[in-house]
Amino acid sequence: MSEGFRFRFAPSPTGNLHIGGARTALFNWLFARKTKGTMILRIEDTDRERSTQEYIHSILEGLEWLGLDWDEGPYYQMERIETYKEHIEKLLKQGRTYRCYCTTEILEQKRKLLLAKGEKPKYDRQCRSVDQNLDKPYCIRFLAESSGQTVVNDLIKGSVTFNNEEMDDLVIQRTDGTPTYNLCVVVDDVAMKISHVIRGDDHLNNSPRQIQLYSVFGYPIPAFAHLPMILGADKARLSKRHGATSVLEYREQGYLPEALINFLVRLGWSHGDDEIFSREELVQKFSIEAVGKSGGIFNPEKLLWVNSHYIKEKTNAELLTLARPFLDKAGFIVKDAEAAGAALGSCKEKAKLLTELVQGTGFYFKEEIVIDPQARAKFLAPNQIELLKKLHEKLGAVENFTEERLKQAFEETLGETGKKMGDLAQPMRVALTGGTISPGIFEVMALLGKVRTLTRLDRALVP
RNA sequence: GCUCCCCUCGUCUAGUGGCCUAGGACGGUGCCCUCUCACGGCACAAACACGGGUUCGAAUCCCGUUGGGAGCACCA
């Protein structure tokens, strides 16, 4: 048995699972499932200042909602401190580290100075030639290669060459003794036998520095794939000011996980002219070669369209399950699951979000409807009331409120009065739903049933 | 400022030298359907960033320019 590929999603719990993170997770997941490899979840929580337990929960919940499962983990970096320490020790023995006593203020000054001179603000290695046994707080830096080149062979961007002189001497251990990101990723990716590092292309510049670490440790270098960024409408990296960034916010707004997945995968990946992909199709059709190089703008309208597509595909029973939290929130009580499902189903053609779907079914769930004054003025004028009264007589005689039978009653009324369907349907709609927008009028009546239909009609007939 | 990445309709993209009069999708516009709103159907407008090459032939290959993005933390 050959060993399969291994992938990881490694978020830091310094925020909720956001759109960009979700897509990184998705691409890793797709590649893992496609190749029958292993998906690993690792929480990069070495930033103790900003990492929180709430964010960890939020990230896990987001992944779960999207259906992006993992085979190993979650591993927590804070539980692996000893391993990092050992590796720092190794580097020390190889003479590739040195203590740096420079304070944040001093470093800040140096940066400003270099920037003002028009140079790249990298550390000047001053402490390298300073006594290593001073009784002062210190951090540990990695002595980087200062000549030659480092090549990143990226599955998406191709081969990218960096001059080593561009590289800075990274801080690998903070003054408080905790290791930092660039060291931890390398140590962990090796320890977890990661074969493919798939991450956002904001990390592309980190890759050569990490490759240097792999080399010094004598570890094999994994394959890299740097995904292009997701941008806002102004082409700046997606952030809070572009609207919702947390995946869970989309759940609250009434999006379906499969819609978000489908939308996200199409941002930077394509398969001919196809737009809609089931989870199974994605796993089958996904390939890293088809991932684009350029950043993509997050287009909320398209997301909405994808979502409406998936809502339309749902059965009544599925809609009821999905809409449940929103119904509860609206205070709508489900007495008859089948009828409630049918009510939701009657509105699915016009709903782009689950929240809209539930709003649309208010006429069904509310015991007492309130008639919109404008709608009343326009559609419940005296002559229209007369027409409704005629219809009322017919309806009283109708035993079963089936759409077919109701249509018949309408047509009879219209035949006797010479009016058109619109003349009758619209006033009826206002009488039964309180507004001018609803599913087909016969469907509404069938859904409400004879008793409620006639009660509402009675009430509407007295101004 | 320096380093790296990127560039096909407004947006996501198809396209790997002739199939391109550049295709699809979202959005937009118009028409049809129709008991309202939608759904749906049909149609229209809309792009190869620019400039040089290479070639019989370039959206596709090469060079340069402009433009956009990312990184340059004791954040990840």
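Treat the numbers as computed from the prediction; the structure is a model and nothing was measured. Below, each value reflects all heavy atoms present in this structure, side chains not excepted, and no hydrogens, waters or symmetry copies. Chain letters run A, B, ... following the sequence lines, proteins first and then strands; every chain starts at 1.
Under the salt bridge (charged side-chain N to carboxylate O under 4.0 Å, His left out) test applied with A:Asp169, the options A:Arg125, A:Arg128, A:Arg141, A:Arg209 reduce to a single match, A:Arg125.
The base-pairing partner of B:U21, taking Watson-Crick or G-U wobble contacts with both distances under 3.5 Å, does not exist among the strands shown.
Among residues two or more places apart in sequence or in another chain, the side-chain hydrogen bond (donor to acceptor under 3.5 Å, both in side chains) test is passed with A:Tyr138 by A:Arg99.
The base of B:G71 does not come close enough to the side chain of A:Asp202 for any donor and acceptor atom to sit less than 3.5 Å apart. Taking 3.5 Å as the limit, the base of B:A25 and the side chain of A:Asp274 contain no donor-acceptor pair of atoms between them. Side-chain atoms of A:Thr175 and base atoms of B:C74 include a donor and an acceptor less than 3.5 Å apart. If you check distances only, the side chain of A:Lys122 never reaches the base of B:C72 with a donor-acceptor pair under 3.5 Å.
If you check the side chains of A:Lys110 and A:Gln126, you find a donor sitting under 3.5 Å from an acceptor. When only modelled atom types and interatomic distance are considered, A:Arg429 and A:Ser438 share a side-chain donor-acceptor pair under 3.5 Å.
Side-chain N or O atoms of A:Arg174 include one that pairs as donor or acceptor with a backbone N or O of A:Pro179 at under 3.5 Å.
Taking atom CG of residue A:Leu304 and atom P of nucleotide B:C26, one finds them 13 Å apart after rounding to whole Å.
Spacing between B:G51 and B:C9 at atom P, rounded to whole Å, works out to 16 Å. Across the C1' atoms, B:U66 and B:A49 are found 8 Å apart, a figure rounded to whole Å.
Considering only the side chain of A:Leu107, B:C74 comes nearest among B:C74, B:U3, B:A76.
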Point to revise | Per-nucleotide protein contact string for nucleotides 4-12 of chain B (B base, S sugar-phosphate only, - none; heavy atom under 4.0 Å) | key: SSSS---BB

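Note that A:Arg452 lies in the cation-pi zone of A:Tyr364, set by a 6.0 Å cut-off to the ring centre and a 45° limit from the axis.
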